[in-house]
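The structure under discussion appears below in the form of structure tokens.
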Amino acid sequence: MPKQNSTDNGVMLNAYPDSIGNNLSDLVTMLEKPEFKDVFSLFYVLPTFFNSDLDRGFSIIDYNLNKELVSESDLEDLEHLNIQLKFDIVLNHLSVASPQFKDLLKKGEQSKYKDFFINWNSFWKGNGIMGDDGIIIPKKEFLEKLFMRKSGLPILKVPFPDGSTQPYWNTFYQKINDDNTFLGQMDVNAKSELVWDFYEETLQKLSDFGCKILRLDAFAYLHKEIGQSNFFNTPGTWQYLERINKIAKEKNLILLPEIHAEYGLNLHEEIANEGYQIYDFFLPGLMIHTLETKNSESLIKWANEIINKGYKTVNMLGCHDGIPVLDLKGKEINGAYNKGLLEDNEIKNIMNVILERGGRVKNLYNADGKKISYYQINATFYSALGEDDKKLLLARAIQMFMPGIPQVWYLDLFAGKNDYEAAEKAGNGGHKEINRTNLTLQEIEVGLKKEVVLKQLDLMRLRNTLKAFSGEIKINETPKEEVDILWQNKNYFANLRANLKTLSFAIKYGNEYEVNEMRST
């Protein structure tokens with residue numbers, strides 16, 4: 001069967017280079033198996049593809065190939081399989097081990113990269129009070145506005161050649177060892193032209209690797225300004241996004257800005273209205289809500305919004321991160337409350353169900369270390385569904401019929417269960433490891449004998465190859481316990497009818513001359 005335009009509708013695999021076996025070569029070996037023929041058109045390779053040292057790849061040292069996991073021949077093999085690539089550029093930060101930060105630590109104020117990163121005290125000078133520890137505490141009215149990813153001030157103190165220690169902006173992870181060595185994801189200063197030179201060089205490098213879609217990780221934190229939240233500051237964030245998009249177009253790259261925010265904030269719509277693809281972070285929570293309540297109304301409402309407003313989306317069920325819950329919420333703006341996709345009590349019910357099934361919760365904090373909101377739940381999607389094969393298959397079938405590019409986490413495909421041992425071993429902040437279990441090639445062979453795996457592959461193959469999915473989508477009206485989605489492209493069609501009470505579905509597809517059928521049982 002001929003493949004469709006992969007950047008429109010083809011199915012996307014999501015994995016680390018070493019998620020299968022020991023390296024990307026082993027993962028390619030899996031993709032070359034007959035069971036995977038015509039299943040994927042795209043592959044979102046997570047950033048241990050590059051040289052990194054923290055946060056499972058998202059603390060980039062440089063954007064060269066990680067030769068322990070990846071080789072040039074792997075890229076050639078993926079090209080021969082007609083699989084296009086999606087990569088990350090982590091716009092907001094670089095590792096302390098990056099050449100730029102190492103130069104800063106070595107040369108201090110004499111470094112070429114003196115302004116490449118953000119000295120916390122220099123940024124807040126005149127807008128706060130110097131504490132006894134040599135760190136400026138911003139004025140209360142500024143501090144209260146800051147959007148935090150962790151408790152305490154977002155800084156890491158680093159040693160300078162003159163014997164002083166200087167605080168540098170560190171929004172995300174850091175690790176300080178007993179011997180005072182440290183790791184950290186250091187925020188870059190996008191007001192420096194050297195940073196933009198670095199972006200241009202990096203986008204060219206990724207294009208040369210075969211990148212087609214470029215995910216902008218943490219881009220909403222990049223623009224920083226006193227008196228703003230420093231999360232999606234406007235208009236600065238839009239200006240940065242426009243500038244990076246201009247570079248991307250020159251390299252023939254499609255941008256996918258990554259952002260987690262409440263539905264009620266409407267940032268997803270603003271980004272989509274500017275012509276960008278958006279991540280459908282709403283689908284995982286909506287899917288669990290739909291299956292657990294046997295009520296499709298909220299899911300269908302969201303699907304119709306995507307269709308009616310013409311959003312270009314990439315969706316998923318599970319991923320390398322958690323199952324988003326903050327994203328489903330409403331938001332008060334200028335005294336008016338914008339409703340979420342789910343009510344707060346419905347979101348809490350989702351969280352309670354997943355936590356009862358062994359999930360871990362991730363929260364957000366203010367500068368004083370006080371919890372201000374829940375953020376996401378960490379669990380495999382299979383475990384979040386109570387490790388129920390019927391639920392997983394129905395969830396996958398609905399995902400394959402949703403508008404946008406369906407992205408599939410490798411572990412979900414093999415019905416992976418929560419890895420408590422890995423989460424405990426990773427220690428504080430290791431909650432994400434619950435859903436990152438590497439599979440051996442032997443485990444792949446065992447998995448490919450399971451019905452829940454083979455039927456998912458069949459569903460994905462349909463989505464990846466049928467001409468109907470390059471056409472138009474219609475959500476047919478049904479009782480709330482049912483789902484009926486139709487795709488049509490000229491004489492070709494694909495129709496999913498699902499029953500949430502029985503967790504069963506039937507798919508009819510074909511054209512006016514031939515009709516085929518696939519059933520859940």
Side-chain angles (χ1 to χ4, degrees), residues 280 282-307 315-318 323-325 328 340-359 377 379-403 406 408 412-413 415-417 450-460 462-463 473-487 493-509 515-521:
D280 184 355
F282 310 110
L283 183 61
L286 286 173
M287 189 71 76
I288 293 170
H289 170 78
T290 298
L291 295 178
E292 294 302 321
T293 63
K294 305 185 187 306
N295 185 334
S296 65
E297 291 174 332
S298 296
L299 176 71
I300 297 304
K301 179 183 176 182
W302 168 236
N304 279 321
E305 180 180 340
I306 297 173
I307 296 165
N315 63 54
M316 83 286 290
L317 299 179
I323 297 170
V325 284
L328 298 166
L341 286 170
L342 294 177
E343 300 293 337
D344 283 356
N345 67 304
E346 292 175 318
I347 298 172
K348 288 178 182 176
N349 286 340
I350 292 172
M351 294 175 64
N352 289 337
V353 165
I354 301 174
L355 289 172
E356 287 170 4
R357 293 170 177 170
I377 300 285
T380 72
F381 203 77
Y382 184 57
S383 289
L385 294 176
E387 298 175 3
D388 186 314
D389 287 5
K390 283 188 174 182
K391 286 183 180 178
L392 181 60
L393 277 176
L394 180 53
R396 185 69 68 208
I398 295 173
Q399 184 201 12
M400 290 300 116
F401 274 76
M402 284 290 288
V408 178
D412 292 344
L413 173 57
K417 299 179 181 181
K450 295 180 179 178
E451 185 178 40
V452 68
V453 176
L454 294 174
K455 286 197 169 184
Q456 284 187 84
L457 289 170
D458 288 341
L459 288 165
M460 291 153 57
L462 285 184
R463 178 57 190 255
I473 179 176
K474 179 184 178 183
I475 312 292
N476 294 318
E477 289 190 19
T478 63
K480 64 182 182 180
E481 65 271 11
E482 296 178 10
V483 175
D484 187 338
I485 306 176
L486 173 67
W487 284 83
F493 75 94
N495 180 217
L496 167 71
R497 292 185 177 180
N499 187 306
L500 300 174
K501 285 187 175 180
T502 61
L503 299 176
S504 62
F505 63 86
I507 297 170
K508 289 186 177 180
Y509 61 96
V515 177
N516 303 286
E517 188 170 21
M518 177 187 294
R519 289 188 171 271
S520 54
T521 55

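Note that the coordinates shown come from a computational prediction; the quantities given were computed from them, not determined experimentally.
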Legend entry - Straight-line distance of Thr290 OG1 to Leu394 CG, nearest 0.5 Å: 9.5 Å
Legend entry - Rounded distance (nearest 0.5 Å) linking atom CG of Leu355 with atom CD1 of Ile377: 4.5 Å
Legend entry - Least distance between heavy atoms, Asn495 atom then Ile485 atom: ND2-O, 3.0 Å
Legend entry - Ser520 versus Lys455, closest heavy-atom pair with distance: O-NZ, 2.6 Å
Legend entry - Least distance between heavy atoms, Leu496 atom then Ala397 atom: CD2-O, 3.8 Å
Inset, instruction - May I ask you to check whether over 12 heavy atoms, not counting those of Lys294, lie within 6.0 Å of atom NZ? - result: yes
Inset, instruction - Please report the closest heavy-atom contact between Asp412 and Gln456, naming both atoms and the distance. - result: O-NE2, 3.5 Å
Inset, instruction - Can you establish whether the number of heavy atoms outside Arg497 located under 6.0 Å from its atom CZ is more than 12? - result: no
Inset, instruction - Grab the two heavy atoms, one from Glu297 and one from Asn295, that are nearest each other, plus how far apart they are. - result: N-OD1, 2.9 Å
Legend entry - Where Asp388 and Leu503 come nearest, the two heavy atoms and their spacing: OD2-CD1, 4.3 Å
Inset, instruction - List the steps and the verdict of side-chain hydrogen bond (donor to acceptor under 3.5 Å, both in side chains) for Asp280 and Asn315. - result: CA-CA 5 Å; Asp280 184 355; Asn315 63 54; 4.9 Å; no
Inset, instruction - Count the heavy atoms belonging to other residues, nucleotides or ligands that lie under 6.0 Å from CD of Glu477, then report whether that count exceeds 12. - result: no
